[in-house]
Amino acid sequence: MILLTPGPVQTSPEVPAAAACDIAPWDREFSPEYAGIRDAVREIAGGKPGEHATLPLQGCGHFMVEAAVRTFVEPGAKILVPNNGQYAERIARLAEECGRMPVVLPVPDTRGVTAEEVAAALAGDPAITHVGLVHSETGSGIVNDPAVVGAAVRAAGRRMILDSVSAFGALPLDIAAMPECDAVLFTSNKCLEGLPGIGFAVCPVERTRARRGQAGSWCFDLGDVLWHGENKGWGSFRFTPPVQALRAFGVAVEAYRREGGQAARLARYQENMRILRDGAVALGLRPYLDTAHQGPIILTLHEPDLAGWSLQGFTDALKRRGFLISNFHTTPTPSIRIAAIGANTPEVMHRAVSAMGEALQELREVRAAA
Ligand SMILES: *Cc1c(COP(=O)(O)O)cnc(C)c1O
C-alpha cells in the first residue's frame, strides 16, 4: 500500500526496518545516537549550537503545540491565531484548554495570512504576547510564510510559536534569522519521512531556560526538557521514549541528507504536486485552491458532482488499486485531500493519477449498473 496521506507518510523500507530491534534508550551505545539526532535536527531548523536546542517529547505534533503554548505563553495571556484552517483551530483549542486566551484572526483557508493582517491585529490588542502560526495548513494546503509574518511579529515586539509540523524539512526555515521565534514544532513523521512517535521543538536556549517550571505540567515543560539535556546529557531522557522509532528516525535523517536536504526534498514534493494537480484537473476534478496559493504539501480537490459519489467509496476504490488517502474532510466544504509528501517519487504520482481515473470510472459504472 502506498500512503498519500499527510501523516503517517510513506516511508522508505530502510526506515521501518531500522526499528526492528530491541534497544535501551539509556544504553551507552544509543545515547550518542540520540544526541546526534538532536544536533542534526537543530541544523535543519537553521539553529546555532549553544543558541538553539532540540527539545523532543514522546508523542505527536499536538503534544508539541501544547508544550510550546504551556512553556512560553503565560497562564491567562493572549495568543493570536491566524485561522486559515483546521490546524490553526487546533492551536486555539489547545491554548484555551491550557488556560491561555486565544484571539482568533479569521482568514480564508484559500490563502496565507498577510503581514498587514497580523500587524493590525497586534496593534489592536497590546495584551497579545504571542502569535501561533501554522506554517503549512494541512487542512486546505495553503502556506503561511513564517519569515513575512515573523517580521510583523518582531516589529510589534511580540513572540511567535510556529507549527511547522507538515512543512519542516521541505519548506525553507532559518530560526537563527527569526529572533521573535520561541519554538518551531514538528515531528519525526511528515516531511522528514520517519515513523510517527516523536515530536520536536527547536527553541532558543536562553528564553527556554528562563521558562522552566511555568508550564503547569511536568510532562509538557520544554524548559525542563532543556534542563535535563544541559544537566544530564543530550543523549538522555526524562521518560521512556519510543526508542525504536528514534533509531528509525536517525536513518530517515540520513536519507534526507543523502537526497540533498531541504532544497532537494522540496523539489521532489513540488514535482509530485505538479503531477497530482495537473493529473486531477485532466480528470475533471477542480482544485480547492488557486494555483497562486497552492502549497507543495497538500492537494485538496472539490468533490466531483458525480451521481453515486462518496468519499469513502472513492477511498475504497483507490485502496483496491494500492493507494490510501484520507477518508474525512478537512475543509468547510467537502473536499478530497491528497498528500504530495512522503517517500514517494514522481513516478508513483503518475500511477496515483491513473488509479484516481480508474476509481472515478468505477464509481460511474457502479452507479450506471444500479
Ligand atoms: C500533522 C499536523 C499536526 C500534528 O498532528 P498529530 O496527529 O498530533 O501528530 C499539527 N499541525 C499540523 C499543521 C499538522 O499537519
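One-based numbering, in listed order, for ligands and for the atoms of each. The shown structure was predicted, so the numbers you read here are calculated from the model rather than taken from an experiment.
- Counting atoms of ligand 1 from 1 in the listed order, those under 4.0 Å from a heavy atom of S136 are 13 (C).
- Here the heavy atom of the protein found nearest to atom 13 (C) of ligand 1 is T138 OG1, 3.2 Å.
- Among all protein heavy atoms, the one lying closest to atom 11 (N) of ligand 1 is D163 OD2, 2.7 Å.
- Those atoms of ligand 1 with a heavy atom of K190 less than 4.0 angstrom away are 1 (C), 2 (C), 3 (C), 14 (C), 15 (O).
- With 3.5 Å as the limit, one finds no donor-acceptor pair spanning the side chains of R321 and S354.
- The protein heavy atom nearest to atom 8 (O) of ligand 1 is H62 ND1, 2.4 Å.
- Heavy atoms of other residues, nucleotides or ligands lying less than 6.0 angstrom from CG of D305 number 12 at most.
- Nearest non-hydrogen protein atom to atom 3 (C) of ligand 1 is V165 CG1, 3.6 Å.
- Distance alone, capped at 3.5 Å, is enough to place a donor-acceptor pair between the T187 side chain and the N189 backbone.
- Classified by interplanar angle (parallel below 30°, tilted 30° to 60°, perpendicular above 60°), the ring pair F237/Y34 is parallel.
- Among protein heavy atoms, the minimum distance from atom 9 (O) of ligand 1 is reached at G61 N, 2.9 Å.
- Under a 4.0 Å criterion applied to the non-hydrogen atoms of C60, ligand 1 contributes the atoms 6 (P), 8 (O), 9 (O).
- When each of V353, V348, T5 is tested with F323 by the rule side-chain contact (heavy atoms from CB on, under 4.5 Å), just one qualifies, namely V348.
- Looking at Q244 and R247, their side chains never bring a donor and an acceptor atom within 3.5 Å of each other.
- In summary, of the residues considered (D163, L173, V165), a side-chain contact (heavy atoms from CB on, under 4.5 Å) with H135 occurs for L173 alone.
- Ligand 1 has no N or O atom lying under 3.5 Å from any N or O atom of Y87, backbone or side chain.
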